[in-house]
Each structure stands twice: as structure tokens, then as C-alpha cells.
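Chain letters run A, B, ... following the sequence lines, proteins first, then strands; residues in each count from 1. The analysis underlying the following values was restricted to heavy atoms, covering all of them including side chains, and did not include hydrogens, waters or symmetry mates.
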Amino acid sequence: MSQLIALKNGAASTIEDDWLLVKLPQTHVEERKQAGKVVLFKLTGEQTVTPEQITNTTIPASGKVILPLKVFLANQKTLQARIGKGEIGVWLATHEILEDLTNALPDLNTLPIIAIFVERFADGRIFSLGNLLRTRYGYKNTLRSFGDVLRDQLFFQKRSGFDQFVIRADRSANDAITSLNDFSAPYQGAADDSRPAFQRYNRGA
Amino acid sequence: MYKYDKIDQTIINERVDQYRDQIRRYLAKELTDDEFRPLRLQNGLYIQRHAPMLRIAVPYGLLSSTQLRKLGDITKKYDKGYGHFSTRQNLQLNWPKLEDTPDILAELATVEMHAVQTSGNCIRNITTDQFAGVAPDEIIDPRAVAEIMRQWSTFHPEFALLPRKFKIAVSGTRQDRAIVQVHDIGLEFYKDTLGKMAIKVWVGGGLGRTPILGTVIREHLEWQYILTYCEAIIRVYNLHGRRDNAFKARIKILVKALGIDEFRRQVDAEWVHLKDGPNTITEAELARVAKHFEPMPYESLPDTDASFDAAISNNPAFAAWTKRCVHPHKQPGYRAVTLSLKPHGHPPGDITCEQMHVVANLADQYSFGELRSSHEQNLILADVKLSDLYAVWEKARAAGLATPNIGLLTDIICCPGGDFCSLANAKSIPIAEAIQTQFDNLDYLHDIGDIELNISGCMNACGHHHVGHIGILGVDKDGSEWYQVTIGGKQGNDASLGTVIGPSFSANEMPGVVQKLIDVYIQQRTDEERFIDTVRRIGVDPFKTHVYAK
Ligand code: SF4
């Protein structure tokens with residue numbers, strides 16, 4: 001069963017993934033504690049990728065690949081031809097700075113796909129990132145979420161501009177699809193429809 | 001008050017279905033405890049010491065008699081026949097069964113109520129002055145905008161999982177009664193030099209472990225931009241607020257870390273892009289919502305009433321009640337009435353099913369079928385005719401709702417504390433009850449005069465102890481319960497945070513400690529001085545010396 005849900009013209013279904021997600025090589029990360037508790041979230045802007053990880057990442061020589069932001073930035077020049085062919089996508093984690101990507105590309109839409117990795121369900125930064133990509137930076141191609149993605153985030157992610165969702169491996173993507181339509185007429189304007197209810201409907205006076 | 005249209009009702013009905021399915025998945029073990037937690041919290045469901053606790057939203061403290069009856073019936077059917085009004089104007093059920101909570105929500109939806117975002121790391125119920133719309137010192141009734149903001153914040157997709165809870169208060173009076181300065185965002189409405197509705201925006205206030213009063217981020221915001229401006233603030237917070245440490249995750253820490261000028265710069269940089277976008281409130285939308293908050297169909301009456309005057313002079317108990325529980329009103333011949341949920345020796349803010357029905361009937365008969373809850377945890381009938389006050393008093397008194405102690409020492413603001421709350425360091429209700437018993441003499445209470453005493457069972461400060469003239473905080477010392485005392489806190493335009501007077505006390509000592517604080521005040525006060533004024537004039541030391549004297 002595929003874990004990937006795709007929204008197309010408002011209809012959702014699970015599809016096969018034709019992109020290869022390139023991960024960073026594992027490094028040993030020390031467990032951080034604060035006030036006796038394990039630190040679960042990374043700070044926005046925190047540097048988490050080492051130069052070794054970047055150089056040690058193997059970029060497959062052909063095919064459609066989604067590269068980690070830092071790897072993409074380090075190899076942008078040599079990748080020009082493949083970017084031109086639409087073979088290169090980029091992923092970033094919720095604590096990474098979106099502008100590092102937007103500043104590096106004159107036209108964001110040369111990327112057919114951008115993916116955002118959310119390490120923890122409760123990390124709502126992903127919604128702002130999606131929203132900014134769609135509304136501020138005019139990104140029109142596929143916007144995908146992956147990581148700790150469970151069905152109860154989907155409605156919010158959809159409204160924040162995402163149109164593909166990789167459901168966490170231990171959960172059913174088919175079950176999750178239902179939640180994309182938890183609400184039929186939301187109140188506020190968002191990335192999927194910028195008009196708030198008071199602009200969308202005649203609510204009488 | 002606001003009436004749902006089809007859109008509002010659909011959202012609330014769909015919410016019930018969504019929540020019912022979440023509960024089903026949790027019970028079927030398709031959701032782990034950790035996964036279920038943020039979901040249930042966004043619906044006001046806590047897992048407490050003895051049972052779950054369900055917090056029901058009372059948007060900006062406004063209720064209809066129909067809603068209150070339904071709440072009463074719910075406490076009877078699903079709980080132990082009583083509920084608890086919180087300092088956020090909401091109603092809490094202490095003993096519902098987890099499996100019943102979807103049915104409770106379904107019943108609430110039939111009277112246009114819900115538990116959406118009453119907890120969790122999201123935008124919470126927006127609070128305001130309990131006298132909104134009727135207070136003589138009101139410049140602008142903030143409820144229409146509060147309702148527009150309620151809708152905007154309900155399931156806001158971008159702000160569904162913030163670093164921490166986010167509280168907004170609105171106020172439109174000369175004397176702030178909504179404590180806007182201790183909220184993540186405080187909105188103070190006023191009329192600008194052109195006579196237009198404008199807002200002074202405060203940001204970064206909050207109590208809890210690190211109490212901080214808010215700072216003004218914008219002196220003048222045109223009302224059309226409230227949603228977009230708040231979006232800019234909350235977006236900066238969502239992206240940059242600390243998620244690595246729950247104690248540092250509130251917006252106040254971010255504002256302090258960046259400094260207000262840098263924070264404002266970032267907000268303005270966001271706002272440029274949002275400012276005139278589709279979430280700009282239109283005149284038509286404001287008018288549509290404001291229609292629901294038009295003044296009641298008042299009779300034109302003189303501002304005196306012979307029967308009322310006669311009752312005052314003939315009945316000292318009634319006179320005492322009117323002095324404390326009856327408040328001025330915009331409309332001549334009308335008054336607002338506070339029904340005390342602080343009878344001595346009972347948990348502050350608790351109300352039984354039967355009392356809810358009594359209040360609902362009083363609202364129907366004497367106050368246009370509406371009532372309010374206050375952050376001081378009392379109920380208010382906002383529109384009572386002067387000539388009806390005596391009848392209201394008699395009926396309220398018969399139901400135990402007319403203790404004439406509003407604004408007095410025994411009108412204690414108190415969180416549920418260790419009796420219910422699993423986060424508590426110490427119990428708070430028994431302390432409140434012991435103080436009420438110590439000061440059970442009404443004449444003495446009236447002599448002490450206006451004073452606010454607030455109790456929280458832990459750092460989370462649900463009882464707002466930092467802004468109590470006397471604040472009591474439950475602390476844990478080697479596994480036993482102790483109480484730290486602050487004085488000099490105050491809510492309002494001249495808000496201040498209290499100062500700790502010294503080492504903490506055991507529960508038994510607390511009534512005596514409060515007594516000593518009062519003794520110093522009585523001894524030192526000048527004629528017109530309230531407790532807080534004396535503390536501000538003479539400082540903390542004389543109180544400290546007396547309390548800790550051997
Ligand atoms: S202040 Fe602490 S003890 Fe009291 S209700 Fe809040 S969390 Fe619970």
C-alpha cells in the first residue's frame with residue numbers, strides 16, 4: 001500500500017511515489033536536555049546539518065530526486081541541467097529557514113516539488129511554511145509533507161497549501177484521506193482559498 | 001447575542017463528528033496516548049486526578065438562558081450535578097466519562113456551544129469585560145469584534161499547533177476589566193481623533209512561571225486590520241517561538257528575547273504582505289455581526305424607583321447586597337447584577353444544576369434571557385430594571401446566589417487546584433474555604449472593603465495570583481503543600497505584579513496570615529484607601545514585618 005496521498009482538483013487518492021527522497025547520512029546526535037526534560041524540538045534556524053553530512057550525501061546520478069535543502073544549496077551549480085529537466089526537488093525540515101531556499105532561486109517554480117519534513121506532530125511551523133510558500137513566494141507546484149504526518153493534521157496542512165502527504169509508515173493512508181474533508185466550510189481565508197467565510201458566502205446582513 | 005447561521009452550525013456539527021471519531025480511534029488503540037493528547041486538549045479534555053475534565057467554551061463570557069439550562073442538564077446527566085466557572089469565563093465539568101464526551105458535545109451543539117480550543121497550544125477562548133455593552137464607562141462594545149475573532153481563530157489552519165497556548169483579551173472601557181495586559185495579545189478599543197473605532201494592541205503579557213505585563217506594540221490599529229495584524233504577530237510567534245522548552249514557549253519570552261522594537265519590526269514585515277488581504281474585515285461583516293449585539297429593547301425609565309428606595313431603607317440585608325452586587329448601567333433605570341458564586345465555605349465558581357436553572361429563569365424573567373460569566377468566577381444579569389432588583393435578590397438569595405461579597409475579601413478567585421488538577425502543587429479550594437470561614441462576618445468584610453484575593457495551585461497561575469492584591473500560590477516543598485504569598489498585584493489600567501513577602505506557609509497558617517495582612521492595612525489605612533492603595537503607599541515591608549513577627 002502506498003503511504004502517499006495526493007490531492008488533485010479537490011479529489012484525494014493514494015498514488016505511487018515517483019520521487020526518490022534523498023536523506024542525510026545519519027550522525028550521532030546527543031540527547032539534549034533542558035529542565036530535566038528531553039528536548040524534542042529544534043529551534044528555528046538551528047544548524048543541524050554538518051559539512052560532512054553534506055559532502056557524504058550521494059546524489060543519484062539520474063532520476064527524480066528530492067534533495068535535502070543544504071545538499072541542494074551546496075550542489076546547485078552542478079545540478080543546473082537536471083533542474084532544467086525538472087528532476088530536482090528540495091526538502092527542508094520545519095526548523096530550517098525557508099528564505100535560504102527562496103533566496104537561492106530566482107524562480108522557485110523551477111522546482112517541481114518541495115517537501116517539508118515535520119519531525120513531530122505538534123510542530124505547527126509546517127503550516128506557516130506551507131502558507132508562506134503558496135502566498136508569499138508564489139510556489140505553484142507540488143508541496144508535500146512527510147515525517148510525523150497523521151490524519152488529524154491533514155485538514156490544516158491542506159488549508160496551508162499542501163497537496164501531497166506521506167502518512168507515517170505505521171498508519172493507513174486510506175483511512176487518513178477522510179480527514180482531508182473534516183470541515184466543509186471553514187471560517188478563515190487560508191492558502192487553499194484566501195477568502196474568509198464572510199467573503200465566500202452571503203451570510204445575510 | 002450572536003446567533004449561529006448555517007455556516008457556524010455546520011462547523012460545530014462537523015467538529016462533533018471529527019471528535020467522536022478521534023475518541024473512537026483512541027479507544028480502539030489506533031491513537032496512542034501521546035498522539036491523542038494534543039487532539040483532546042484542543043477540545044478542552046484533560047485527564048485529571050480522578051476523572052477527565054471537560055472545559056466548555058463560553059465565548060467572551062456570554063450565555064443565553066437556554067444554554068445555561070442545557071449546561072445544567074448536562075451536569076446532571078453526565079456529571080455530578082454541578083459545574084465550575086473558570087477564570088477564563090468557561091465552564092468546567094469535573095467528572096465526565098471519556099466515552100460520554102462526544103455525546104456531551106453533540107448536546108452542546110444543539111444550543112450553539114462547543115469546547116473548541118479551550119485548551120491546548122492554540123488560540124483560546126477570547127475573553128472580555130463581563131459588563132460589555134452595558135458599562136457606563138464603555139467607549140466601544142468589543143463583542144462584535146470578539147465574535148469575528150472567535151470565528152477567525154476557530155480551526156485556524158496556520159495556528160493549529162502553536163508553541164504554546166495563546167490567549168487574547170478585548171476591552172472597550174475606560175477602566176480595563178479584562179486584564180488585557182496579562183494576555184498574549186490584549187486589544188484595547190478606543191475612538192481615535194477621527195471618531196473611528198481603533199485599537200491599542202498589547203503583546204507579550206502573561207502570568208505563569210514568568211509573569212510579565214504586556215507591552216504596547218501598536219498604539220493605533222484601524223479595526224479592519226485586527227485579523228491580519230494578529231496573523232502577523234502569531235505567524236512570527238509560530239515560526240520563532242521556542243518549542244524546545246515548554247517554560248519558555250509563550251510569546252512573552254520571544255518578545256523579551258527579541259526586544260519589543262525588533263519584534264515589532266518582524267511583525268510589520270509580515271503585516272505588509274497581509275494587511276489589505278482578504279481577511280481584512282469589511283464594513284458589511286462588522287455590521288452583520290454587530291447586529292447581534294445591539295442594545296436590548298429597554299424601556300425608558302427614570303433613574304430612580306420609589307419601591308427600590310423603600311426596600312433599601314427598610315431592609316439592611318438588601319441594602320448590603322445592592323452595595324456589593326449591583327452595578328451601574330448605561331441605560332437609566334437599569335442595573336447589572338452579579339450573582340455571587342462565592343458563598344462562604346464552598347468552592348469558588350461552583351454552581352449546581354438547580355442553581356443554573358434558577359439563574360436561567362431569572363435571566364428570562366428579568367434580563368432579556370441572557371447572562372454573563374466573569375473572570376472573577378461569578379454570573380451576571382446585565383440588564384435588570386431597578387424596580388425588579390428586590391425580586392431578583394429574594395429569588396437569588398433563596399438559591400444561595402446572593403452573598404453580598406462581590407469585590408470583598410471572600411470573593412476569592414481560585415483555580416480548581418490539587419483537589420482536581422493533576423498539575424497542582426497544592427490544593428487551593430480548602431484554602432479559599434478556610435479564609436472565607438475566618439472572615440465570615442459581613443460587617444467586617446464591608447469594613448475591609450474592596451480587595452482581591454487570588455489563589456493558584458501551581459505556577460500555571462490559573463487563579464491569576466500575580467495580579468491579586470493578595471496572591472496565594474501553592475508550592476511543593478519536599479512533597480508537601482506550602483503556600484507562597486504575594487501582595488500588591490493588581491489588574492486594570494494600572495496593573496502590577498505582586499511582590500513575594502517571604503518564605504511560604506503551611507495550609508493551617510494561611511487564614512492567620514491573611515488576617516495579619518488585613519490587620520496592618522486596617523491600622524495603616526487613610527480614610528479612602530483600599531488595601532491595594534495602602535500597599536502601594538507604604539510598601540511591602542510593614543506587612544512582612546507583622547506577618548513574620550515572632
Ligand atoms: S493553577 Fe495549576 S493547579 Fe491551578 S488549575 Fe491551573 S494548572 Fe491546575
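- At a threshold of 4.0 Å, the pair D184(B)-K167(B) does not count as salt-bridged, since none of the basic side-chain nitrogens sits closer than that to a carboxylate oxygen.
- Q151(B) and Y2(B) share a side-chain donor-acceptor pair at under 3.5 Å.
- Heavy-atom distances place the side chain of R25(B), and not its backbone, under 4.5 Å from chain A.
- Using a 4.5 Å cut-off between heavy atoms, D148(A) makes no contact with chain B at all.
- Residue I126(A): no heavy atom, backbone or side chain, is found under 4.5 Å from chain B.
- The candidate from L227(B), N13(B), T282(B), D34(B) with the greatest count of non-hydrogen atom pairs under 4.5 Å with chain A is T282(B).
- Counting heavy-atom pairs closer than 4.5 Å to chain A, the top residue among K248(B), R15(B), E35(B), Q22(B) is E35(B).
- By number of non-hydrogen pairs under 4.5 angstrom with chain B, the leading residue of R168(A), Q153(A), Q157(A) is R168(A).
- A donor and an acceptor atom, one from each side chain of T101(B) and Y19(B), are located under 3.5 Å apart.
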Practice item. Take Q224(B) and T280(B), measure what side chain to side chain donor-acceptor pair (under 3.5 Å) needs, and give me the verdict at the end. Key: CA-CA 6 Å; Q224(B) 291 88 337; T280(B) 309; over 6 Å; no
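- Proximity to chain A (any heavy atom under 4.5 Å) is shown, for E270(B), by both the backbone and the side chain.
- Using a 4.5 Å cut-off between heavy atoms, R136(A) contacts chain B through its side chain alone, with no backbone atom that close.
- Within the 4.5 angstrom heavy-atom criterion, only side-chain atoms of R171(A), from C-beta onward, approach chain B.
- Looking at L132(A), the atoms closer than 4.5 Å to chain B (heavy atoms on both sides) all sit in the side chain, from C-beta outward.
- Of the N and O atoms on the side chains of N125(B) and T118(B), not one donor lies less than 3.5 Å from an acceptor on the other residue.
- Among Y187(A), Y201(A), F41(A), the residue with the largest count of heavy-atom pairs under 4.5 Å with chain B is Y187(A).
- Within the 4.5 angstrom heavy-atom criterion, no atom of T228(B) approaches chain A.
- For D21(B), the part lying under 4.5 angstrom from a heavy atom of chain A is the side chain only.
- Put simply, of Q188(A), R120(A), R195(A), the one with the most heavy-atom pairs under 4.5 Å next to chain B is Q188(A).
- For the set A197(A), A190(A), S172(A), P196(A), the entry with the most heavy-atom pairs within less than 4.5 Å of chain B is P196(A).
- Side-chain atoms of E119(A) and H95(A) include no donor-acceptor pair closer than 3.5 Å.
- Using a 4.5 Å cut-off between heavy atoms, T154(B) contacts chain A through both its backbone and its side chain.
- A side-chain contact (heavy atoms from CB on, under 4.5 Å) with L105(A) is found for exactly one of L101(A), D107(A), N109(A), namely L101(A).
- In summary, the side chains of T94(A) and D123(A) do present a donor paired with an acceptor at a separation below 3.5 Å, with no hydrogens or angles considered.
- For L39(B), the part lying near chain A is the side chain, with the backbone staying farther off; criterion is any non-hydrogen pair under 4.5 Å.
- The greatest number of non-hydrogen atom pairs below 4.5 Å with chain A, out of W152(B), F155(B), F159(B), is found for F155(B).
- Using a 4.5 Å cut-off between heavy atoms, F183(A) contacts chain B through both its backbone and its side chain.
- For NZ of K23(A), the number of neighbouring non-hydrogen atoms (other residues, nucleotides, ligands) closer than 6.0 Å is 12 at most.
- Sparse packing is recorded around NZ of K256(B), with 12 or fewer heavy atoms of other residues, nucleotides or ligands lying under 6.0 Å away.
- For N131(A), the part lying under 4.5 angstrom from a heavy atom of chain B is the side chain only.
- Annotation: cation-pi geometry satisfied between R209(B) and F247(B) (NZ/CZ under 6.0 angstrom from ring centroid, within 45° of ring axis).
- Geometric assessment of K275(B) against the ring of Y225(B) yields a positive cation-pi assignment under the 6.0 Å and 45° thresholds.
- Residue P186(A) touches chain B through its backbone alone, counting heavy-atom pairs closer than 4.5 Å.
- Screening E158(B), H240(B), H273(B) for a side-chain hydrogen bond (donor to acceptor under 3.5 Å, both in side chains) involving R235(B) leaves a single residue, E158(B).
- Counting heavy-atom pairs closer than 4.5 Å to chain B, the top-ranked of the candidates A122(A), A185(A), G45(A) is A122(A).
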